[in-house]
Amino acid sequence: MIWFLVRRLLATVAVLLVMSAIVYGLFYLMPGDPAVLACGKRCGPDQLVVTRHKLGLDQAVYLQYWHFLQGVVVGRDYSSGPDVNHCAAPCLGYSFQSDQPVTNLLLDRLPVSASLTLGALVLALVLGVGAGLLSALRRGTFVERLLTGVTLLGFSTPVFLIGLILLLVFCAWLKVLPFPSYVPLTENPAEWARNLVLPWCALALIEAALFARVARAGTLETLAEDHIRTFRAYGVPERQVVRRHALRGALAPVATITAVELATIIVSAMLTESMFGLPGIGKLAVEASTSVDLPVITGVTLLAGTAVVLANAVADLLHAAIDPRVKLA
Amino acid sequence: MTLFDSELAAGADPVLAPGEEPVPAAGTDPVPSRRGGAWRRLRADRSALAALVLVGLLVLVALAAPLLTALEGQDATTFHSQLLDSARGGVPHGAFGGIGADHWLGVEPGTGRDVFARIVYGARVSLGVALAATALELVVGIAIGLAAGLGGPRVDAVAGRVIEIAIAFPSLLLALALLAIVPQSVPRPVLVALAITAVNWGNVARVTRAQAMSLRTRDYVDAARLAGVGPVRIALREILPGLTTPLMVLAALKVPSNIVSEAGLSFLGAGVRPPTPSWGQMLSTSTTWFQTDPAYVIVPGGLLLVTLLAFSLFADGVRRALDPRSTRV
Amino acid sequence: MTPVSEAPMTPVGEAATAPVLSVRDLRVRFGDREAVGGVSFDLEPGRALGVVGESGSGKSSLALALSRLHTGADVTGEVRVDGTDVLAASDAELRRLRGGRIAMVFQDPLSSLDPYLRVGDQIAEVYRVHTGATRRAAAAKAVEVLDRVGIPDASRRARAHPHEFSGGMVQRALIAMALALEPRVLVADEPTTALDVTVQARLLTLLDELREETGMALLLVSHDFGVVAETADDILVMRAGKTVEHGPVETVLRTPSAAYTRELLEAVPRLDTPRPAVVTSRTPPPEQADSPQESLLRISGLRREFRLGPPLRRRVVPAVDGVSLEVAPGEVLGVVGESGSGKTTLARLIVRLLAPSAGTIEFAGRDVTRLPARELRPLRRDLQMVFQDPLASLNPRRTVGDSIADPLRVLGEPDAERRARDLMDRVGLDPDRYGAYPHEFSGGQRQRVGIARALAPDPRLLVCDEPVTSLDVSTQAQILALLAELRAERDLALLFVSHDLAVVRQVSDRVAVMRAGRVVTLGDVDTVYDQPEDPYTRALLAAVPKLAALTPAT
Amino acid sequence: MRLRPFVLLGSALLAATSAVAGCGGGSGSGGGAAFDPKTCQGGTLTVLNQGGLGKFDPATLYTSGGGALPSLVYRTLTTRKRVPGQDGTKPVPDLATDLGTPSDNAKTWKYTLRDGLKFEDGTPITSKDVKYGIERSFSPDLPGGAPYLHDWLVDGTGYKGPYKGGDLKSIETPDDKTIVFKLRAPHGDFPYLATATQFAPVPKAKDTGVKYQNAPVSSGPYRVAKYEVGKKLVLVRNPSWSRAVDGQRLACPDRIEVTAGLDATVINQRLSSGSGADAKAITTDTSVGPEQLARVGGDPNLAKRVARGVFGETKYLAFDTTKKPFNDVRVRQAVAYAINRQSVINAIGGSELASPATTFLPDGKAFGQQPYDYFPAGQSGDPAKAKALLAQAGYGSGLTVDLAYPNVDTDGIGPKVAPAVQDALKQAGITVKPKPFSDDDYRNVTGKPSTQPALSLQTWGTDWPAGGPFLIPIFDGRQIITSGGNFNLAQLNDPAVNKEIDRINTITDAAQAAPAWGALDATIGKQALVVPLYHPKTVALFGKDVKNAYVDEWRGWYDIASVSVK
């Protein structure tokens with residue numbers, strides 16, 4: 001267990017190093033001058049020099065990367081004229097667009113993205129696993145065909161299309177739900193949920209389709225396994241066979257896939273946030289990409305990478321908890 | 001794949017999904033008769049056949065775009081300002097987005113360009129980008145996957161890690177960043193296809209690697225080694241043929257997923273640029289107009305949905321045909 | 001084949017008690033295919049019936065049908081367990097019947113228990129379903145029965161998961177599960193096939209004991225005459241879903257009435273019979289084989305380690321641990337051992353599919369231990385291998401002819417195809433099937449393809465890794481005969497690796513017995529088998545079910 | 001102004017991020033008594049914005065007329081007149097007693113501070129504080145303000161601010177009430193410039209450099225209670241301020257809460273539904289999008305809560321007249337004839353959001369616009385006339401040109417407009433190849449004559465409602481900057497034009513100067529140096545409990561200093 005955590009930690013650090021190096025590399029492979037981007041539209045030659053120096057862009061590439069890493073680990077200082085701006089520990093630099101510390105930008109938006117993603121994930125798991133089990137256990141019935149069709153549909157539809165349809169129906173026609181606008185959970189839990197229902201559904205329907213497939217496949221595979229036959233041969237009622245012996249086997253892959261899917265969910269959340277105008281990290285990323293706000297892009301990328309790597313570690317823990325054969329090592 | 005490429009990102013191709021086995025049931029080599037059998041099965045699969053017909057039709061439409069627009073007597077770029085109600089924000093005059101004898105599917109709000117012409121030309125971009133990206137992903141993915149799978153532990157330690165990271169990365173994010181910093185002068189569809197490839201090859205590489213590793217340990221490969229066959233010949237004659245089945249399935253799944261990727265990028269404004277029509281970009285514009293000009297939402301949205309369904313159904317049929325024992329939906 | 005009487009025979013000398021299992025005209029049909037075509041028999045309490053047959057004979061289908069476990073099959077006839085008609089029973093009745101009166105033990109110990117739950121809990125669950133006992137009582141019962149079937153430290157082991165059990169222990173646990181319910185009939189479908197011979201012996205003994213103790217009847221399904229002969233009172237021989245012969249063990253084995261039974265029995269390799277002289281034309285004198293000048297292959301101190309576990313806690317496990325042996329030209333060296341003994345690793349080391357960690361391999365007087373792959377290649381023609389699984393060792397996407405011709409092409413043979421056809425002819429395959437794919441052949445034919453391919457470069461040493469293990473007994477005999485012929489004809493040396501002591505005896509001049517990576521005994525085959533000195537070898541030989549004692553001498 | 005500060009065309013940003021039109025719908029406008037400035041005080045006003053809170057230092061802000069929010073905290077020497085209608089384009093004294101006394105042919109401007117002025121901490125405001133505020137804005141660490149002070153003040157170009165450069169000699173403060181500016185050239189527009197936030201007083205003792213914006217010392221009706229960069233600004237009453245010392249700002253709400261970083265769609269949605277605090281909400285940067293116009297028009301309750309206005313701004317096609325083929329005036333004229341302004345306007349949201357432009361100067365008396373249309377293209381272009389001109393110029397068989405534009409629609413000259421131009425020119429036989437540039441790159445590429453594309457989409461807005469800042473950077477030959485930052489894209493260096501500019505600059509009476517600028521525009525227009533496309537218009541919603549919300553004509557947006565939520 002300890003070894004597992006240590007190894008995972010090391011792997012996480014390695015992955016993040018690689019990711020940051022890749023993203024940082026993009027800074028320099030790109031045709032433009034980062035200082036010009038940072039300085040903005042109205043930027044005279046004087047200011048350009050100041051900006052370049054302030055951001056350390058006049059240094060060698062490897063030094064800049066080193067300072068960047070330093071900033072992430074222990075923080076760094078940006079000197080500008082009379083003042084020294086200290087950017088505290090996980091320092092990801094300053095946004096070119098808003099001159100805000102990227103760390104703050106991310107933290108500000110984290111609650112929105114977390115609310116959206118986690119809520120949708122729970123909903124997707126409930127819907128998906130339910131549908132998957134149902135269609136596996138009702139094989140050959142109308143229910144199965146219906147669920148298969150719905151799953152395929154959910155599978156083929158981009159999240160923005162689903163979101164659009166949901167808006168049209170629930171917001172424009174039925175007028176039962178508001179156009180989403182983020183209300184912090186701490187401020188008003190009821191409004192928080194009411195406003196997030198549509199984004200949750202849009203995001204969850206897509207993921208649910210995947211979970212349904214995996215849960216269905218897992219159930220069918222488990223039901224075909226020999227040990228199921230053993231319990232049938234010993235007179236255990238079918239209901240109990242499914243509940244006690246098939247369910248775990250069916251759900252183990254769902255746990256794995258959830259972690260593996262996180263990268264996809266993050267991507268879908270980006271689209272969902274853009275679609276509904278929710279001020280989350282995904283929207284930040286889209287805006288940063290449009291305006292080539294490199295520090296923000298780097299920050300979002302690293303955050304997403306961390307989330308994915310951590311999710312995979314959690315999935316491994318979960319997998320080990322479900323399946324006694326798996327040893328954490 | 002509803003998501004921006006769930007399969008891609010997650011490594012989890014929804015269909016190949018659960019767990020680590022990316023290839024149709026490991027250890028079972030589809031035997032050659034299956035290939036012939038696969039055709040037979042595919043022909044017998046009504047939904048796959050219907051999907052194939054639809055896919056063919058769509059490809060035909062894309063190819064025949066100039067012919068079809070000539071038939072209609074319109075083109076994709078001419079503005080028709082007189083057909084728009086300027087005082088109401090530029091929505092088309094008349095019901096259903098200005099659908100009529102002159103403009104079969106109406107005109108675009110804001111510009112008055114012919115929707116039918118833009119749809120058929122947009123099909124070229126959407127399908128072209130998706131197919132090109134799929135082909136490129138296969139080339140890149142197979143090369144890296146084979147290197148990792150056959151190149152020995154050192155190569156695999158590096159290549160395998162790179163593949164993992166590539167899969168764990170939220171692809172859309174990277175694609176957005178890439179598209180933001182690439183030179184604006186290169187033709188956009190080419191860039192989009194390259195960007196999609198750059199972020200989505202991981203899946204192909206992973207499947208190739210896993211399959212190559214599994215095939216590498218087969219007795220018949222050992223037998224070939226004992227017969228004195230050289231490594232290159234072994235890779236080409238003994239291993240590559242064994243990759244075709246899983247890769248064919250994956251390629252079939254990649255196409256719809258790449259269509260979604262293209263649409264997603266265009267939706268976020270990073271895809272092909274307005275003078276060039278593409279479905280995702282039309283959908284992006286249409287979300288603005290969904291209340292005042294619903295026809296403009298329904299046409300490209302519905303078409304995208306049908307296209308994705310057709311490709312997904314077809315891919316599913318291919319998978320069923322090539323791997324008939326699969327229990328997955 | 002003798003016609004089967006409708007009325008089942010009552011074993012001679014037994015008081016006619018009411019049968020606890022009674023089967024009449026049982027048929028199992030999958031679509032058009034009839035797996036079981038009208039089988040009838042009775043089984044009295046406390047007795048054991050062995051059902052024997054080759055693969056595809058329908059014996060497993062028969063076993064499953066007894067508890068109505070088939071899904072998607074059409075089962076007709078009558079199966080009465082303790083008087084209840086299984087095929088007509090309601091769901092509730094069937095549930096009571098299953099486990100309660102007729103219990104099953106399956107072939108694959110790795111998958112027959114739920115991997116997610118503790119072994120004790122699984123037994124307790126089944127016990128509670130049938131008795132409604134409390135959780136506590138059921139748990140106690142589980143420990144009790146586990147103890148009874150000989151699981152050491154049962155109360156602790158009850159809390160273990162199935163993957164922490166060895167194959168033999170899982171089978172014992174399954175028997176314990178049955179035991180807890182005190183069924184009248186235990187159906188065991190190839191219960192020992194996946195087990196090593198010593199484990200098999202202990203399990204069969206356990207079954208015998210339990211039968212005696214509880215009076216339950218046993219239906220033992222097996223492909224192995226030896227196993228059945230040791231355990232059963234009666235034998236039912238099946239072929240293609242039909243009963244070929246049914247009678248007391250002694251009768252069937254000594255005086256088989258059906259020709260098929262006779263053939264089968266003849267094909268079974270005998271552990272206690274010296275190898276027939278026909279096998280080689282020239283038996284090399286042992287002293288000659290041992291002389292170093294003459295040896296074709298000489299390995300000394302050969303060692304191969306595998307590293308297991310995560311980087312920081314890596315353990316080094318030697319699979320082959322200091323093996324030294326020689327093979328003379330034209331000699332057959334048998335290598336025998338239980339699973340995990342390192343015999344397959346040894347075979348792969350010798351052909352250099354694996355690189356040794358230490359030690360040397362000399363082939364034809366040349367040290368080939370560290371030769372790089374490129375220099376090794378010309379040597380390959382002298383050193384070939386026949387693999388265990390004939391299907392896996394043939395590329396499914398290439399024609400068998402291509403597979404055979406490949407080594408010839410590599411050697412620059414101008415007319416590889418013609419030579420390949422000749423080879424096919426030689427190993428008993430129709431040369432016209434040059435263009436056919438492996439899946440179009442039967443298991444025995446595929447192994448002939450494998451042999452032809454190995455023979456193509458005209459090797460001097462053929463390493464055979466369990467070449468007949470996956471084959472039925474009659475096919476096995478044919479392949480062994482083929483190898484013997486080829487060996488005589490081509491003056492081929494063989495290194496014959498197998499877990500089957502009887503097979504090894506039939507083919508080898510000398511034999512090496514391996515255990516835990518080491519050779520424990522090496523010597524002349526008759527000496528080793530008839531006067532084993534090493535205690536392990538003795539135990540191994542003792543564990544093999546003996547058939548010969550019951551069968552007429554050939 | 002060189003580029004629009006603070007004001008964003010809402011519809012444009014909306015397109016870039018692509019969102020969906022709001023749902024629900026406005027409920028009826030809340031009742032309540034009519035607006036009375038005497039009793040308007042009280043309540044909390046919510047401001048919902050897309051951006052604009054990136055900085056709040058008076059030295060770094062680039063505003064027109066002091067901006068909406070900054071002018072609530074920073075009083076300046078002069079300010080815009082806070083009334084609806086045409087008068088709103090006039091400057092009026094704020095801290096000063098008058099609009100300034102010019103002398104030396106408008107090269108020297110003298111101001112006197114009014115009595116009773118105090119900072120929020122009660123210390124009196126002196127002319128030295130005003131001078132210090134201006135000096136700070138020269139510091140390279142505090143960039144972003146308008147460039148005029150650098151260009152106009154004597155020694156302004158070399159001065160590096162008070163931290164390193166010491167004292168700026170060209171601003172004199174003979175006593176605590178008087179401040180005198182020495183200019184290099186005559187600038188009759190100085191009273192307009194003095195509305196900028198750089199003219200706000202900053203007490204030297206309280207200056208914390210780049211951190212000053214976090215706790216600025218207020219001279220206006222409100223002080224900063226909380227400022228989170230880019231996100232939130234909370235203003236509360238400044239106890240040291242009273243209407244007695246400020247004739248312009250009504251300052252009705254007790255508290256103003258500004259939220260930035262919202263989506264245009266969300267803002268319009270919240271304003272139209274107006275639930276809770278949103279009933280007392282307003283926006284200072286978000287226009288109703290084209291897709292919502294139909295709804296606004298169809299809903300009488302909503303229509304009541306819409307204010308329309310104009311910010312002096314022109315979107316145009318710019319030629320580099322030194323480059324082929326645009327060195328030929330006939331080609332430029334052909335483009336002017338070919339252009340389809342209706343297409344362009346539809347593309348950015350229709351007639352509610354833009355009006356066609358044939359003059360470079362925007363509409364309105366303040367600019368002195370003289371209407372002209374030398375190359376009448378009608379509503380949808382005159383391709384025949386264009387073709388004829390092209391044939392004369394030797395391009396009868398067609399012509400291929402590159403069109404440069406920024407790749408976002410933020411400024412209304414991006415990917416929406418470019419295809420409309422492309423299509424119109426195609427009708428005239430001109431093949432346009434689109435050349436999109438990244439938004440940040442665009443200014444750098446077009447601002448340097450060496451990299452400047454021959455044909456590009458451009459925008460020009462006013463820093464104050466007068467013709468001078470509109471025409472000088474674009475057409476003054478002495479303003480051609482080769483090192484970058486050039487706006488005279490036509491590369492026009494016409495001595496007659498230069499001379500006329502100098503002449504008008506000496507006019508200190510705006511009423512006289514305006515027609516002169518208008519006449520100059522009409523003269524220059526004959527050369528077809530630019531093709532004006534459209535003037536944008538603002539359509540903005542306000543909450544149902546908001547009163548006295550009008551769009552001022554100086555900036556084209558709500559003046560928060562005047563609204564009430566009581």
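Just so we're on the same page: letters track the sequence lines, and every chain starts at 1.
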Report the distance from atom [atom1] of [X] to atom [atom2] of [Y], rounding to the nearest 0.5 Å.
X: A:Thr230; Y: C:Met177; atom1: OG1; atom2: CE; result: 7.0 Å
X: C:Ile102; Y: A:Tyr234; atom1: CD1; atom2: OH; result: 10.5 Å
X: A:His227; Y: C:Asp108; atom1: NE2; atom2: CG; result: 12.5 Å

Honestly, the part of C:Ser67 sitting under 4.5 Å from a heavy atom of chain A is neither
Side chain from CB out, backbone as N, CA, C, O: work out which of these in C:Gln107 comes under 4.5 Å of a heavy atom of chain A, or both, or neither. neither
Counting C-beta onward and ignoring hydrogens, is there a side-chain heavy-atom pair between [X] and [Y] closer than 4.5 Å?
X: C:Tyr116; Y: A:Arg244; value: no
X: C:Leu64; Y: A:Arg229; value: yes
X: C:Phe106; Y: A:Asp226; value: no
X: C:Glu125; Y: A:Gln240; value: yes
X: A:Glu225; Y: C:Ser111; value: no

If you count heavy-atom pairs under 4.5 Å between each of C:Ala92, C:Pro162, C:Ala178 and chain A, which one has the most? C:Ala178
Counting heavy-atom pairs under 4.5 Å with chain A, the top scorer among C:Leu117, C:Val129, C:Asp114 is C:Asp114
Please answer whether the main-chain N or O of A:Val236 pairs with a side-chain N or O of C:Arg98 as donor and acceptor at a distance below 3.5 Å. no
